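One structure is given here, and the rest of the page talks about it.
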Amino acid sequence: MTRLTEYLLPTLKQAPADAEAVSHKLMVRAGLIRQIGAGMWTWLPAGWRVHQKVVEIVREEIDAIGGREMLMPVLQPAEPWRKTGRLEIEELFKLHDRKGSELVLAMTHEEAVTTHVAQTVDSYRELPLILYHFQVKERDEPRPRAGVLRTREFVMKDSYSFDRDQAGMDERYELHVGAYDRIMRRTGLRFYRVESDVGMMGGLGAHEYMAPCAAGEDEIVLGEGYAANVEVARTSPDVQWDGDGAYTRNGETLRVEPAIEIGNIFKLGTRYSVPLAATYVDQHGSELPIWMGCYGIGPARIVAAAVEQYADEDGISWPVALAPFRVHLVGLGRAGTPEREATEQLYAKLVQAGVEVLYDDRDAGPGEKFADADLLGCPLRLTVGRKSLQSGEIEVRSRRAREQLAGLPLQADGPQFARLLDELCRDLP
RNA sequence: CGGGGAGUGGCGCAGUCUGGUAGCGCACCCGGCUGGGGGCCGGGCGGUCGCAGGUUCAAAUCCUGUCUCCCCGACCA
């Protein structure tokens with residue numbers, strides 16, 4: 001799989017001086033991301049593995065509700081944006097090509113996807129439809145902050161649903177609620193689905209998926225069977241707000257927690273289909289506007305939220321589903337020693353058995369290796385040293401529980417290791 | 001956009017007030033010791049001090065302009 005001596009994992013003892021958020025500090029320290037400008041971040045190999053773990057979970061669940069993956073460009077003509085009235089948005093990057101044509105860098109893809117559906121869908125027989133992609137979004141943020149929590153360029157999964165009528169749109173919306181619930185559950189994050197404000201989009205309903213954590217930019221109001229963002233709570237008839245910090249509902253005092261928005265789902269209605277002329281012909285021959293919904297997820301924010309929620313003083317502690325590697329194998333002793341030889345053999349077996357393993361084969365001291373393993377935060381750490389040769393056992397440590405688990409037999413074969421490690425991971429948080 | 005702060009080797013910093021030719025820790029390279037929680041000793045490499053202009057015999061240091069980055073707030077379709 002991966003040997004550390006052949007990898008790029010630039011870990012740091014000290015966090016960047018100006019970093020404030022835990023995820024910002026730790027993701028840089030663990031060698032997952034590096035900054036190239038304000039709100040512009042590179043994902044280094046280990047960080048990108050985590051990002052893509054999220055992407056794969058999202059892809060599986062959106063495919064499962066009938067989503068069709070595609071890819072639309074970031075660079076787009078300005079005209080459709082003018083039609084929907086969104087060319088005026090300040091966060092939208094605008095530019096001109098050498099001929100002087102007006103272009104934009106897309107901040108979402110309603111204009112593009114609706115244009116294509118308008119071009120290609122004619123009949124009620126072709127609806128409903130869910131289209132989605134993972135694509136970079138560009139936003140001229142007034143203030144990027146906190147590492148990858150708020151950036152000017154980021155990958156988003158955005159899906160769009162197209163229906164014959166409002167009831168159909170509501171159905172597609174509910175499918176997304178189910179898919180999003182499953183996605184968030186699978187990531188291992190603590191999250192809430194909260195009612196949100198329809199805002200200036202003037203839509204017909206919306207929810208946000210919020211991950212509570214200290215670096216969160218938003219606040220959510222929580223009670224027994226109740227979760228909403230503050231804007232909604234303040235205007236809700238059954239919630240009393242004293243104008244200060246305190247909220248009550250049916251006599252219950254509600255808690256307020258900071259949280260990161262990791263996803264949102266939105267009933268658009270005909271907000272985009274009307275200006276972009278996305279219509280279909282129904283069974284009676286009438287031309288009608290298509291009913292739409294849009295659904296976003298930011299994988300980078302899920303990654304950062306996972307770091308925020310589970311970090312401790314030694315570093316990151318990934319949920320199993322997001323970890324860059326399941327197993328961090330530490331080989332003690334220098335090259336040529338018997339314990340190192342045993343580690344090499346173990347590594348070969350793990351690789352052959354398809355275990356996702358990062359092997360620290362550096363010629364470094366044990367303290368440094370253990371510290372880096374804690375910092376990177378893979379769920380299981382296997383250690384092979386002189387003790388292992390004597391006992392015949394590989395030491396196993398859980399990153400999250402920070403405790404030694406039962407050792408594994410050094411002499412087991414690859415498939416046995418794969419099975420034992422799978423079982424161990426199943427029991428981990 | 002308002003307020004605050006910062007740009008000096010890969011990272012973290014000192015030096016700037018009071019001008020005199022750049023330093024510390026870590027990292028890195030070489031040699032040796034060590035080998036179960038960032039270990040030790042010795043020897044090295046590396047910096048047009050963000051950029052441009054000015055003042056001066058002399059500028060990291062003073063002046064002017066400019067760029068960039070961070071934090072708080074506002075904003076966040």
Side-chain angles (χ1 to χ4, degrees), chain A residues 8 10-21 24-25 28-29 31 34-41 81 84-92 104 106-111 137-147 149-152 154 156 158 196-203 206 208 215-218 229 231 260-261 264-269 271-272 292 294-296 298 301 313-315 330-340 343 360 362-376 381-391 394-395 397 402 404:
Chain A
L8 180 67
T11 57
L12 298 171
K13 272 194 204 175
Q14 289 165 304
D18 42 28
E20 208 57 46
H24 182 184
K25 292 181 191 169
V28 173
R29 283 192 57 210
R34 280 292 168 103
Q35 183 173 26
I36 199 163
M40 294 176 271
W41 290 84
W81 295 78
T84 61
R86 297 213 300 174
L87 196 56
E88 307 310 317
I89 295 174
E90 287 199 327
E91 280 72 27
L92 183 66
V104 304
M107 48 194 300
T108 60
H109 282 74
E110 282 83 0
E111 279 76 5
K137 302 291 177 271
E138 305 285 348
R139 296 186 183 178
D140 192 357
E141 288 287 347
R143 181 155 107 81
R145 60 176 291 270
L149 234 37
R150 186 167 207 83
T151 55
R152 293 197 285 181
F154 58 96
M156 180 189 271
D158 37 328
S196 76
D197 216 342
V198 292
M200 289 174 71
M201 299 261 299
E208 288 169 346
E217 302 186 290
D218 301 304
N229 71 18
E231 291 78 14
I260 304 176
E261 182 183 343
N264 59 51
I265 55 179
F266 215 102
K267 294 181 184 180
L268 294 172
R271 161 76 178 82
Y272 292 89
M292 293 175 56
C294 68
Y295 317 88
R301 284 191 169 181
E313 58 271 27
D314 292 325
V330 174
L332 300 177
R334 272 180 301 183
T337 59
E339 59 269 30
R340 176 60 79 83
T343 319
D360 191 344
R362 292 175 301 174
D363 202 12
E368 198 176 338
K369 292 186 177 186
F370 291 144
D372 275 348
D374 287 343
L375 183 57
L376 183 59
R381 187 184 83 198
L382 303 188
T383 307
V384 177
R386 283 184 197 150
K387 289 184 195 169
S388 323
L389 295 184
Q390 282 159 18
S391 66
I394 302 157
E395 284 167 46
R397 185 181 161 91
R402 318 186 74 183
Q404 207 82 5

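The analysis underlying the following values was restricted to heavy atoms, covering all of them including side chains, and did not include hydrogens, waters or symmetry mates. Residue numbers begin at 1 in each chain, while the letters A, B, ... track the order of the sequences. Because the structure is predicted, anything quoted here is derived from the model rather than measured.
- Here A:R145 pairs with A:E217 under the side chain to side chain donor-acceptor pair (under 3.5 Å) rule; sequence neighbours left out.
- The same atom, P, is picked in B:C63 and in B:G25; the two are 32 Å apart, to the nearest Å.
- Distance CD (A:E231) to C1' (B:A77): 14 Å, rounded to an integer number of Å.
- Residues that satisfy the side chain to side chain donor-acceptor pair (under 3.5 Å) test with A:Q390, not counting sequence neighbours, are absent from this structure.
- Salt-bridge annotation for A:E138 and A:R152: absent, with no side-chain N of the basic residue lying under 4.0 Å from a carboxylate O of the acidic one.
- Distances from the side chain of A:R29 to the nucleotides B:G36, B:C71, B:G38 place B:G38 closest.
- Within the 4.0 angstrom heavy-atom criterion, no nucleotide atom of any strand lies near A:E90.
- Taking every side-chain heavy atom of A:F370 into account, B:G36 is the closest of B:A74, B:C70, B:G36.
- The side chain to side chain contact (heavy atoms under 4.5 Å, CB included) search around A:N229 returns A:V194, A:S196, A:E208, A:E231, A:V232, not counting sequence neighbours.
- In terms of the salt bridge (charged side-chain N to carboxylate O under 4.0 Å, His left out) criterion, A:E91 has no residue partners (sequence neighbours excluded).
- Counting non-hydrogen atoms under 4.0 angstrom, A:G385 reaches a base of the nucleic acid.
- Annotation: side chain to side chain donor-acceptor pair (under 3.5 Å) contacts of A:E395 (sequence neighbours excluded): A:Q404.
- If you check every strand for non-hydrogen atoms under 4.0 Å, A:A364 touches a base.
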Using atom names, set out every protein N or O paired with an N or O of nucleotides 5-12 of chain B below 3.5 Å, distance rounded to 0.1 Å.
unit_1, atom_1, unit_2, atom_2, d
B:G12, OP1, A:A17, N, 3.4
B:G12, O4', A:Q14, OE1, 3.3
B:G12, O2', A:Q14, NE2, 3.3

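- Here A:K369 lies out of heavy-atom contact (under 4.0 Å) with every strand.
- If you check B:G36, B:A74, B:A77 against the side chain of A:I89, the one that comes closest is B:A77.
- Residue A:R152 places its side chain closer to B:C69 than to any other of B:G36, B:C69, B:G37.
- Within 4.0 Å of A:R145, counting heavy atoms only, lie sugar-phosphate atoms of the nucleic acid but no base atom.
- In the set B:G38, B:A74, B:G37, the nucleotide with an atom closest to the side chain of A:R143 is B:A74.
- Candidate nucleotides B:G39, B:G37, B:A74 were compared by shortest atom distance to the side chain of A:A371, and B:G37 ranks first.
- Checked against side chain to side chain donor-acceptor pair (under 3.5 Å), A:S388 has no partners two or more places apart in sequence or in another chain.
- Between A:D374 and A:R402, none of the side-chain N atoms (NZ, or NE/NH1/NH2) sits under 4.0 Å from a carboxylate O, so this pair counts as no salt bridge.
- For the pair A:R402 CZ and B:G37 P, the interatomic distance rounds to 15 Å; values are reported in whole Å.
- Checked against B:G38, B:A77, B:G36, the side chain of A:R86 finds its nearest nucleotide in B:A77.
- To the nearest whole angstrom, the two C1' atoms, one in B:C11 and one in B:C69, are 16 Å apart.
- Among the heavy atoms of the strands, none lies under 4.0 Å from A:R340.
- Rounded to whole Å, the distance from CG on A:D374 to P on B:G36 is 17 Å.
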Polar pairs (N or O, both sides) under 3.5 Å between protein and nucleotides 43-47 of chain B?
none

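- In this view, A:E141 and A:R150 satisfy the salt bridge (charged side-chain N to carboxylate O under 4.0 Å, His left out) rule, not counting sequence neighbours.
- Remark on RNA chain B: of its neighbouring residues A:E261 and A:L375, the 5'-side contact belongs to A:L375, judged by nearest-heavy-atom nucleotide.
- Taking atom CG on A:D140 and atom P on B:A77, their separation rounds to 15 Å, with Å as the unit.
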